[in-house]
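Residue indices begin at 1 and follow the sequence shown. As a basis for the values below, the full set of heavy atoms in this structure was taken, side chains included, without hydrogen atoms, waters or symmetry mates.
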Amino acid sequence: QLQASGGGLVQAGGSLRLDCTASGRTFSPTVMGWFRQVLGKEREFVAAIQWSSSFTYYADSVKGRFAISRDNAKTTIYLQMNSLKPEDTAVYYCVYRTGYGSYYRSSSYDVWGQGTLVTVSS
């Protein structure tokens with residue numbers, strides 16, 4: 001199970017940090033990450049972190065502004081979002097997978113959190 005938090009309302013140019021904690025009896029991800037979705041549109045890849053190496057991957061639209069990281073002592077990942085733009089407004093979903101596949105495809109992920117809303121006002 002994934003529990004995301006940290007969404008909210010922020011002005012353009014501001015920052016937010018999203019947290020996501022995994023819980024359950026077995027925790028063995030290969031990758032954790034974030035997707036986002038605007039109402040009426042498909043889910044969009046945002047960022048991912050490979051669990052064994054901590055290598056990170058980003059959508060072009062957020063490179064240089066967002067940073068994904070993990071807490072080695074916990075089953076938690078973070079998404080630091082800086083220089084936010086109105087087009088970043090979406091519901092952000094934390095994701096987790098135990099297998100392999102494209103980092104960028106939603107179908108590669110086994111578990112999805114409940115989503116947290118980020119609203120960026122202009």
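Tyr78 belongs to no hydrophobic cluster, as no Ile, Leu, Val, Met, Phe, Trp or Tyr side chain comes under 4.5 Å of its own. Phe45 belongs to a hydrophobic cluster whose other members, connected by ILVMFWY side-chain contacts under 4.5 Å either directly or through intermediates, are Val31, Phe35, Phe55, Tyr57, Val91, Tyr93, Val95, Tyr103, Tyr104, Tyr109, Trp112, Leu117.
Although no hydrogens or angles enter the test, the distance criterion places no donor-acceptor pair under 3.5 Å between the side chain of Ser83 and the main chain of Arg65. A donor-acceptor distance shorter than 3.5 angstrom exists from the side chain of Tyr96 to the backbone of Ser28, with no hydrogens or angles considered. Checked by atom type and distance alone, the side chain of Thr56 never pairs as donor or acceptor with a backbone atom of Ile49 at under 3.5 Å.
Residue Cys20 is tested with Leu79, Thr75, Ile77 for a side-chain contact (heavy atoms from CB on, under 4.5 Å); the sole match is Ile77.
Sorted by first and then second residue, the disulfide bond (SG atoms under 2.5 Å apart) pairs with a member in residues 24-60 form an empty list; sequence neighbours excluded. Sorted by first then second residue, the salt bridge (charged side-chain N to carboxylate O under 4.0 Å, His left out) pairs that include residues 104-122, not counting sequence neighbours, number zero. Annotation: disulfide bond (SG atoms under 2.5 Å apart) contacts involving residues 33-84, sequence neighbours excluded, are absent. Listed by first and then second residue, the salt bridge (charged side-chain N to carboxylate O under 4.0 Å, His left out) pairs that reach into residues 33-44 are Arg36-Glu44, Arg36-Asp88, sequence neighbours excluded. Every pair passing salt bridge (charged side-chain N to carboxylate O under 4.0 Å, His left out) that includes a residue from residues 7-19 is listed here, sequence neighbours excluded: Arg17-Asp19.
Contact of the Ser15 side chain with the Gln80 side chain is registered, since non-hydrogen atoms from C-beta on lie closer than 4.5 Å. For the pair Val46 and Tyr58, the minimum side-chain heavy-atom distance is 4.5 Å or more. Side-chain contact between Arg70 and Ser54 is present, with heavy atoms from C-beta onward closer than 4.5 Å. Between Leu18 and Val118 there is a side-chain heavy-atom pair separated by less than 4.5 Å.
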Could you give me the CA-CA distance, side-chain angles and deciding distance for Val62 and Met81, then say whether side chain to side chain contact (heavy atoms under 4.5 Å, CB included) is met? CA-CA 9 Å; Val62 307; Met81 304 185 294; over 6 Å; no
Run the side-chain hydrogen bond (donor to acceptor under 3.5 Å, both in side chains) check on Thr89 and Thr119 step by step: do they pass? CA-CA 5 Å; Thr89 295; Thr119 304; 5.3 Å; no
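Scanning for side-chain hydrogen bond (donor to acceptor under 3.5 Å, both in side chains) contacts around Ser53 gives Gln50, with sequence neighbours left out. In this view, Val10 and Leu16, Leu84, Val120 satisfy the side-chain contact (heavy atoms from CB on, under 4.5 Å) rule, not counting sequence neighbours. With sequence neighbours excluded, no residue satisfies salt bridge (charged side-chain N to carboxylate O under 4.0 Å, His left out) with Lys85. By the side-chain contact (heavy atoms from CB on, under 4.5 Å) test, Ser121 pairs with Leu9, Gln11, sequence neighbours left out. Partners of Ala4 by side-chain contact (heavy atoms from CB on, under 4.5 Å), not counting sequence neighbours, listed by chain and number: Trp34, Cys94, Gln114, Thr116.
Between Ser122 and Ala12 the shortest heavy-atom distance is CA-CB, 4.4 Å.
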